[in-house]
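Along the sequence shown, the residues carry numbers beginning at 1.
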Amino acid sequence: MLGYNAPTAVKTVSVLVFLQALCISVYAVLLTVFATDLAVGLPLTFCFIAIALCLGWSAYALLKARGYARSLILVWQLFIIIIAIQAVIVSGHILALIVLLSAGVNTIVLFSSTVSKYLQ
């Protein structure tokens, strides 16, 4: 089963991480399509696709109650928080603020009692 009996908190985090992976994949494709120099764009595309695959895999593993999934997702969320704080301070874009809030919520929910009980 694909985590059908997973609590709502686990499903929410998994869906948000899947959406992040999807956004990274779309960005990688757009980077390749609009790259002026493929020698730079193609390696970055492969890097972003690898990150997106790892995120998708960790979201799936979280649904399957694998303990290692929380650490993978936590590292990515902290990375996003660091970058989003910088983007909010420098540019003040509302999108950066939305990303920051979603990563913060994911980080907090990852350590809720519901998720911890599910992963044990």
Side-chain angles (χ1 to χ4, degrees):
M1 298 293 255
L2 183 62
Y4 293 116
N5 58 350
T8 306
V10 173
K11 291 178 183 177
T12 302
V13 170
S14 294
V15 165
L16 287 175
V17 172
F18 273 125
L19 286 175
Q20 290 172 354
L22 181 67
C23 289
I24 291 170
S25 300
V26 168
Y27 178 73
V29 169
L30 290 176
L31 182 67
T32 304
V33 169
F34 295 111
T36 57
D37 184 14
L38 281 180
V40 174
L42 218 49
L44 282 174
T45 298
F46 288 130
C47 180
F48 285 133
I49 293 294
I51 290 171
L53 287 174
C54 287
L55 280 176
W57 176 56
S58 62
Y60 175 76
L62 186 68
L63 281 176
K64 298 293 277 183
R66 305 288 193 262
Y68 61 83
R70 180 168 33 183
S71 61
L72 292 171
I73 294 171
L74 175 67
V75 167
W76 180 251
Q77 297 307 313
L78 291 176
F79 184 68
I80 287 178
I81 288 171
I82 291 169
I83 292 174
I85 286 174
Q86 180 182 2
V88 167
I89 290 172
V90 171
S91 66
H93 283 106
I94 190 72
L95 182 62
L97 187 61
I98 292 170
V99 169
L100 176 64
L101 290 176
S102 102
V105 168
N106 269 353
T107 304
I108 292 169
V109 172
L110 273 176
F111 290 99
S112 66
S113 60
T114 308
V115 176
S116 295
K117 287 178 186 174
Y118 180 71
L119 292 177
Q120 289 179 348

Enquirer: Tell me whether L95 is reachable from V105 by hopping between hydrophobic residues (I, L, V, M, F, W, Y) whose side-chain heavy atoms are closer than 4.5 Å.
Expert: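 Looking at the clustering, L95 is in a separate group from V105.
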
Enquirer: Considering only distance and modelled atom types, tabulate donor-acceptor pairs under 3.5 Å from the side chains of residues 19-32, sequence neighbours left out.
Expert:
from, atom 1, to, atom 2, distance (Å)
Q20, OE1, W76, NE1, 3.4
Q20, OE1, Q77, NE2, 2.9
Q20, NE2, Q77, OE1, 3.4
S25, OG, A21, O, 3.0
T32, OG1, A28, O, 3.1
T32, OG1, T45, OG1, 2.5

Enquirer: Could you work out the complete set of other residues in the hydrophobic cluster of W57, with links drawn between I, L, V, M, F, W and Y side chains under 4.5 Å apart?
Expert: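 Grouped by the 4.5 Å side-chain rule, Y68, L72 form the rest of the cluster around W57.
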
Enquirer: Look at the side-chain heavy atoms of Ile, Leu, Val, Met, Phe, Trp and Tyr, link any pair under 4.5 Å apart, and say whether I51 and L78 land in one connected group.
Expert: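 Yes: a chain of side-chain contacts under 4.5 Å links I51 to L78.
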
Enquirer: Which residue in the set I85, V99, V75 passes side chain to side chain contact (heavy atoms under 4.5 Å, CB included) when paired with I80?
Expert: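 That would be V99.
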
Enquirer: Taking the hydrophobic residues Ile, Leu, Val, Met, Phe, Trp and Tyr, and joining any pair whose side-chain heavy atoms are under 4.5 Å apart, which ones share a cluster with I82?
Expert: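 Other cluster members: none.
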
Enquirer: I'd like to know whether T12 forms a side-chain contact (heavy atoms from CB on, under 4.5 Å) with V15, so could you lay out the CA-CA distance, the side-chain angles of the two residues, the decisive distance to 0.1 Å, and finally the verdict.
Expert: CA-CA 5 Å; T12 302; V15 165; 6.0 Å; no

Enquirer: Is it the case that one hydrophobic cluster holds both V17 and F48, taking links as side-chain heavy atoms less than 4.5 Å apart, direct or via other members?
Expert: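 Yes, one cluster joins them.
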
Enquirer: Taking side chain to side chain contact (heavy atoms under 4.5 Å, CB included) as the definition, give me every residue that meets it alongside S116, ordered by chain and number, with sequence neighbours left out.
Expert: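 Applying side chain to side chain contact (heavy atoms under 4.5 Å, CB included) to S116 gives R70.
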
Enquirer: When Ile, Leu, Val, Met, Phe, Trp and Tyr are grouped by side-chain heavy atoms lying under 4.5 Å apart, directly or through other members, which residues fall in the same group as L42?
Expert: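 Reading the cluster by chain and number, L42 sits alongside F46.
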
Enquirer: Connecting only ILVMFWY residues whose side-chain heavy atoms lie within less than 4.5 Å of each other, what is the rest of I49's hydrophobic cluster?
Expert: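 Listed partners: L53.
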
Enquirer: Can I get a per-line list of side-chain donor-acceptor pairs under 3.5 Å for residues 106-113, giving both atom names and the distance, sequence neighbours left out?
Expert:
from, atom 1, to, atom 2, distance (Å)
T107, OG1, A103, O, 2.8
S112, OG, V109, O, 2.9

Enquirer: Is it the case that one hydrophobic cluster holds both L38 and L44, taking links as side-chain heavy atoms less than 4.5 Å apart, direct or via other members?
Expert: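 Shared cluster, no.
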
Enquirer: If we ignore hydrogens and angles and just use 3.5 Å, is the side chain of Y118 paired with the main-chain N or O of L63 as donor and acceptor?
Expert: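 It does hold such a pair.
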
Enquirer: Linking I/L/V/M/F/W/Y whenever any side-chain heavy atoms sit under 4.5 Å apart, do L74 and L62 land together?
Expert: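 Yes, same cluster.
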
Enquirer: Minimum heavy-atom separation for A35 to G41, with atom names?
Expert: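 A35 and G41 have their closest heavy atoms at CB-CA, 4.2 Å.
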
Enquirer: Keeping S58 on the side-chain end and I73 on the backbone end, is there a donor-acceptor pair under 3.5 Å?
Expert: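 Pair absent, no side-chain N/O of S58 close to backbone of I73.
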
Enquirer: Sort and list the pairs that fulfil side chain to side chain donor-acceptor pair (under 3.5 Å) and have at least one residue in residues 89-103, not counting sequence neighbours.
Expert: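 Qualifying pairs, neighbours excluded: S91-H93.
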
